[in-house]
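First the proteins, then the strands, lettered A, B, ... as listed; each starts at 1.
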Number of protein chains: 2
Amino acid sequence: MNVMTGGKLKLVQAALKLATETRSLTSLKLRELAREAGLNPNTFYRHFENLDDLGLQVLGYIAAEMKAGVRQLRLVAESSEQAANTTVAFVYQYFLENKAATTVAVRELYGSSPLLRRALETQLDASAREMAEDLMQRGLIPRHLTEQTVVEISHMTIRYILFRAMDYIEKPHQREAIQQETERFINRQFRGATLDQLSNEEFDALVAAVRQPA
Amino acid sequence: MNVMTGGKLKLVQAALKLATETRSLTSLKLRELAREAGLNPNTFYRHFENLDDLGLQVLGYIAAEMKAGVRQLRLVAESSEQAANTTVAFVYQYFLENKAATTVAVRELYGSSPLLRRALETQLDASAREMAEDLMQRGLIPRHLTEQTVVEISHMTIRYILFRAMDYIEKPHQREAIQQETERFINRQFRGATLDQLSNEEFDALVAAVRQPA
DNA sequence: TCGGCACGTAGACAACTGTATACACCCAGA
DNA sequence: TCTGGGTGTATACAGTTGTCTACGTGCCGA
């Protein structure tokens, strides 16, 4: 990834700011952008072909940022003895520190540009596979789950956290609650999945046994 | 809710169409709208104060539609003897039949207009409480769960389904898979929640016992 | 039959949009 | 030292935007 300098960087940062605060990435206006960046409108054409091109490059910029972030998270997680709860905290902290990128990702994942949507989906799917691999290698989840199941849950979890991160960012007084909720979410998914093959009757019996130990 | 007629209805329908296909509700343009509706641009001002006003009214229109839809779903569910899986099918079918409203809701829930976001959040929270009440009254979920837990899971589920509905709408060949995934999601949440109070060790022991019955 | 009113249209305005062409600067390599 | 390319600017143009004022309908109650 090229290191951006001068005007181009200013334009990308302006795009992130506007896309976060007042618009979406796909509804940016060229002159608004230039105004925000403090540049002449035509400077835009020195760096981008058109607004679509800008959108894609910004997304690339975000994707690179996120990839680096994920790599760092994995390192932190490896060095930590603790389990899922601190990881969840780290993840939310990361989103909090990358508010603009997070907001853009959430808005465009189901936004009006098919191109950006595909790119984001691919990115999230890759993250889900990585997460699943991590979880299984480190033995952080109940055994006996198939890889497919772990991937499926990872997929759900990543999307859940991504959207929940928007609330986490914008509602500071709810952050602790959101974090705990997320931990419950993950635990319930994995524990529930461990018992997937039980029928309702078998499950009820199991619960009854647990609640009234002999 | 007033029944809309003539030009106003045309404008709202045009807004839904454009918001679904090419834009978001908050980035609509007045003249584009009039063009799509086949009306003179100024006709807009006969019915709406400005574009924000239109957005709010469209949201109201959608909310009313959804409320009616939910009411109907509850009736269908009551008359049905079957459990969650058919309900999930009905819910997705409903979203499929209300593609425009669904798309708008998804896009604006984390969109750039705080006003619309609040309105949508309120609506979803109300739906979650209704869903929780329904589930508990009809005894469709494991007993011994607190109301708070059921509401929390309902809240998560509604958002999960709402976003997943976008994929359901747009990827016809994945519909069955999405539906089954959703059922697993819900089952795991409730089953997992039933075992919330177990420690990891207790849970592992339980799983071991289930997998190797004496 | 008349008067008002809801609805839609016509034309105009200044502001803003994306884009093209032409010009000015700085810095590396010959 | 000259030169060429990368970068930013100035000016211009046609098309589009939101909004204003004024005008023409058709309908409904008095």
Problem - Salt bridge present between A/E36 and A/K17 (N-O < 4.0 angstrom) - result: yes

Handout entry: Donor-acceptor pair under 3.5 Å, B/R35 side chain vs D/dT16 base
Key = no

Problem - Interatomic distance, A/E32 CD vs C/dG18 P [rounded to whole Å] - result: 9 Å

Exercise for the section: Spell out yes or no: do the side chain of A/N42 and the base of C/dG18 have one donor N/O and one acceptor N/O closer than 3.5 Å? Expected result: no

Handout entry: Position toward the 5' end of DNA chain C (nearest nucleotide), B/P41 or A/E49
Key = B/P41

Exercise for the section: Kindly say if A/H47 contacts the phosphate of D/dG8, meaning a side-chain N or O under 4.0 Å from OP1 or OP2. Expected result: yes

Practice task
Check every strand shown and say whether B/F44 touches a base, only sugar-phosphate, or nothing at a heavy-atom separation below 4.0 Å.
Solution key: nothing

Practice task
Please report, rounded to the nearest Å, how far the C1' atom of D/dT7 is from the CG atom of A/L39.
Solution key: 11 Å

Practice task
Would you mind checking if B/E152 and A/R188 are paired as a salt bridge, meaning a charged N to carboxylate O distance below 4.0 Å?
Solution key: yes

Exercise for the section: Round to the nearest Å and state the distance from A/L9 atom CG to D/dG8 atom C1'. Expected result: 16 Å

Practice task
Would you mind checking if B/R164 and B/E181 are paired as a salt bridge, meaning a charged N to carboxylate O distance below 4.0 Å?
Solution key: yes

Exercise for the section: Would you kindly give the OH-to-P distance between A/Y45 and C/dC23, to the nearest whole Å? Expected result: 20 Å

Problem - Salt-bridge present (A/E108, B/R107; N to O < 4.0 Å) - result: no

Handout entry: Given A/Y168, A/Y92, A/Y160, the one that forms side chain to side chain donor-acceptor pair (under 3.5 Å) with A/T182
Key = A/Y92

Problem - Whole-Å gap separating C1' (D/dG15) and CZ (A/R31) - result: 12 Å

Problem - Distance, rounded to the nearest Å, where A/N50 contributes CG and C/dT17 contributes P - result: 17 Å

Practice task
Write down the distance between NZ (A/K10) and C1' (D/dT7), rounded to a whole number of angstrom.
Solution key: 12 Å

Exercise for the section: Using atom CG of A/D52 as one end and atom C1' of C/dT19 as the other, report the distance to the nearest whole Å. Expected result: 15 Å

Practice task
Test for a donor-acceptor pair under 3.5 Å between the base of D/dG6 and the side chain of A/R46, counting only N and O atoms.
Solution key: no

